[in-house]
Number of protein chains: 2
Amino acid sequence: MEAADQQDLSLKLFVVLSRAVQTITKRVEEDIKKYGLNPTEFAVLELLFNKGDQPIQKIGEKILLASSSITYVVDKLEKKQLLARKPCPEDRRVTYAVITPEGKQLMASIFPHHKAAIEEIFGGLDAEEKELMITQLKKLGFYAKGL
Amino acid sequence: MEAADQQDLSLKLFVVLSRAVQTITKRVEEDIKKYGLNPTEFAVLELLFNKGDQPIQKIGEKILLASSSITYVVDKLEKKQLLARKPCPEDRRVTYAVITPEGKQLMASIFPHHKAAIEEIFGGLDAEEKELMITQLKKLGFYAKGL
DNA sequence: ATATAATATCTCGATTTCGAGATTTATTGT
DNA sequence: ACAATAAATCTCGAAATCGAGATATTATAT
């Protein structure tokens, strides 16, 4: 194949990928908004809910957010009483974000609906197609990351 | 397959998809930043460069940006002399965004590098795999949009 | 013909995110 | 032990985006 055609194919994939993700993300955000949270707040709570308490620093790494942004989101969730800050005794530079009982309760009531919503949004593909896409996306992401 | 497993699979696909796109987007944005533009500015200029002059309204539809945000971006590009506003004589509600010679020159010098950068970023898949992924993503996006 | 609807753009205030740099604490090298 | 370096968090100002609503113009329905 010509090099120019290859480039056009990659460009097209990039466009289609961006479009699909924008559409899907919009749907997911609509779903999350129903629960009174924005996507970032939800991501933080989901992390704490499913993976346990985290140093504030780690949250930023996991959900790819700048440290200053994390401070902002954690402040908001703290005001909403959905999480609390807890100083780390071993390393006094570190502060843990700890999900509160209210936060747990909220997530426990939200998460099943959230999963069902995503299942619906991804209904365009069957199980086998999803498996394959996961494999291919991992390959793609892995390669892009290593550049 | 159990319904719960299906949900887990969709959730996993959502996570992998989001991650891959975040990684890829970050690479592409790094590339664009080199040219002194942010992703939105680039998207607007690319649209005008490749598809010709557009009513401001249309730009928002194409790149999925709120009208107030379009005004902001067009203002910035106008200040940079990369585009100009031109009133539409037939419909006086409409203002066209018109790429300037400087804008064209910039895009002409940027676009080949941009395409090459994307080709490199998507190097993890061969042509056949890209074709398939395009097909599947379209299916996914089409379905999600129709919900 | 005229009132009503719709459309295109813009303004304004609020939200979210970022980057640079400050502060505090821990680790490392000498 | 001490200085230099690294790490975690926060503050601050700027940038980008949004939604609600204002304004001007066009289209529609009576």
Side-chain angles (χ1 to χ4, degrees), chain A residues 18 21-22 25-30 32-45 47-48 53-80 82-98, chain B residues 18 21-22 25-30 32-45 47-48 53-80 82-98:
Chain A
S18 303
V21 168
Q22 259 181 322
T25 302
K26 208 175 142 208
R27 292 280 167 206
V28 174
E29 286 179 8
E30 280 168 14
I32 289 171
K33 201 181 291 178
K34 288 188 211 152
Y35 316 134
L37 298 171
N38 73 27
T40 308
E41 292 171 331
F42 185 84
V44 171
L45 279 187
L47 179 66
L48 300 184
D53 307 342
Q54 304 279 332
I56 283 180
Q57 165 74 4
K58 286 285 167 215
I59 300 176
E61 287 167 22
K62 293 271 177 68
I63 68 176
L64 300 187
L65 213 56
S67 68
S68 49
S69 308
I70 291 290
T71 299
Y72 173 77
V73 182
V74 168
D75 279 352
K76 278 194 359 180
L77 289 171
E78 203 172 21
K79 268 175 207 137
K80 291 185 184 179
L82 298 174
L83 66 72
R85 281 181 166 89
K86 198 185 80 175
C88 169
E90 290 86 33
D91 186 338
R92 292 171 52 201
R93 292 171 303 184
V94 174
T95 303
Y96 283 100
V98 179
Chain B
S18 304
V21 168
Q22 259 181 324
T25 302
K26 208 174 140 207
R27 291 282 168 205
V28 174
E29 287 180 6
E30 280 168 13
I32 289 171
K33 201 180 293 177
K34 287 187 212 153
Y35 316 133
L37 298 171
N38 73 26
T40 307
E41 294 171 330
F42 185 84
V44 171
L45 279 188
L47 180 65
L48 301 184
D53 306 343
Q54 305 279 330
I56 282 180
Q57 166 73 5
K58 286 285 167 214
I59 299 175
E61 288 168 21
K62 293 271 178 65
I63 69 175
L64 299 187
L65 212 56
S67 68
S68 49
S69 307
I70 290 292
T71 299
Y72 173 76
V73 181
V74 169
D75 279 352
K76 279 194 356 179
L77 289 171
E78 205 173 20
K79 268 174 206 137
K80 290 185 184 179
L82 298 174
L83 66 73
R85 281 181 166 88
K86 197 185 80 175
C88 170
E90 291 85 35
D91 186 338
R92 292 170 52 200
R93 292 171 302 184
V94 173
T95 303
Y96 284 99
V98 178

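So you know, we letter chains A, B, ... as the sequences are listed, proteins then strands, and number each from 1.
- A heavy atom closer than 4.0 Å to some atom of DNA chain D occurs in no member of residues 55-62 of chain B.
- Under the salt bridge (charged side-chain N to carboxylate O under 4.0 Å, His left out) criterion, K86(A) pairs with no residue at all, not counting sequence neighbours.
- Here the C1' atom of nucleotide dA15(D) and the CD atom of E41(B) are 10 Å apart, to the nearest Å.
- For dA27(D), the O4'-C1' to base torsion is more than 90° from 0; the nucleotide is therefore anti.
- When rounded to the nearest whole Å, the span between CD1 of I63(A) and C1' of dT17(C) equals 12 Å.
- Separating the CG atom of D75(B) from the P atom of dA15(D) is a distance of 14 Å, rounded to the nearest angstrom.
- Note: CD1 (I70(B)) to P (dT7(C)) measures 18 Å, nearest angstrom.
- Salt-bridge annotation for R27(B) and E30(B): present, with a side-chain N of the basic residue lying under 4.0 Å from a carboxylate O of the acidic one.
- Under the rule for a salt bridge (charged side-chain N to carboxylate O under 4.0 Å, His left out), E29(A) has no partner lying at least two apart in sequence or in another chain.
- Listed for the E78(B) side chain is a donor-acceptor partner under 3.5 Å among the backbone atoms of R85(B).
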Sub-3.5 Å pairs of nitrogen or oxygen atoms, protein against nucleotides 22-25 of chain D:
{"unit_1": "dT25(D)", "atom_1": "OP1", "unit_2": "R92(B)", "atom_2": "NH2", "d": "3.1"}

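- From L45(B), atom CG reaches atom NZ of K80(B) across 8.5 Å, with rounding to the nearest 0.5 Å.
- Here dG21(C) sits opposite dC10(D) as a Watson-Crick or G-U wobble pair (both hydrogen-bonding atom distances under 3.5 Å).
- K86(A) places its NZ atom 14 Å from the P atom of dT9(D), with the value rounded to the nearest Å.
- K76(A) has its side chain within reach of N38(A): a pair of non-hydrogen atoms, C-beta onward, lies under 4.5 Å apart.
- Looking at T25(A), its side chain does come within 3.5 Å of a backbone N or O of V21(A) through a donor-acceptor pair.
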Quick test: give all pairs of protein nitrogen or oxygen and nucleotides 17-20 of chain D nitrogen or oxygen below 3.5 Å, distance rounded to 0.1 Å.
{"unit_1": "dT17(D)", "atom_1": "OP1", "unit_2": "T40(B)", "atom_2": "OG1", "d": "2.8"}
{"unit_1": "dT17(D)", "atom_1": "OP2", "unit_2": "T40(B)", "atom_2": "OG1", "d": "3.3"}
{"unit_1": "dC18(D)", "atom_1": "OP2", "unit_2": "A66(B)", "atom_2": "N", "d": "3.0"}
{"unit_1": "dC18(D)", "atom_1": "OP2", "unit_2": "S69(B)", "atom_2": "OG", "d": "2.8"}
{"unit_1": "dG19(D)", "atom_1": "N7", "unit_2": "S68(B)", "atom_2": "OG", "d": "3.2"}
{"unit_1": "dG19(D)", "atom_1": "O6", "unit_2": "S68(B)", "atom_2": "OG", "d": "2.8"}

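- Side-chain N/O atoms of R85(B) include one lying less than 4.0 angstrom from OP1 or OP2 on dC10(C).
- Side-chain contact between L83(A) and V98(A) is absent, with no heavy atoms from C-beta onward closer than 4.5 Å.
- Not a single salt bridge (charged side-chain N to carboxylate O under 4.0 Å, His left out) links D53(A) to another residue, sequence neighbours left out.
- Across all strands shown, T71(B) has heavy atoms under 4.0 Å from base atoms, whether or not it also approaches the sugar-phosphate.
- Between T40(B) and L65(B) the shortest side-chain heavy-atom distance falls below 4.5 Å.
- Contact between the side-chain N/O atoms of K76(B) and the OP1/OP2 oxygens of dA16(D) is found at a separation under 4.0 Å.
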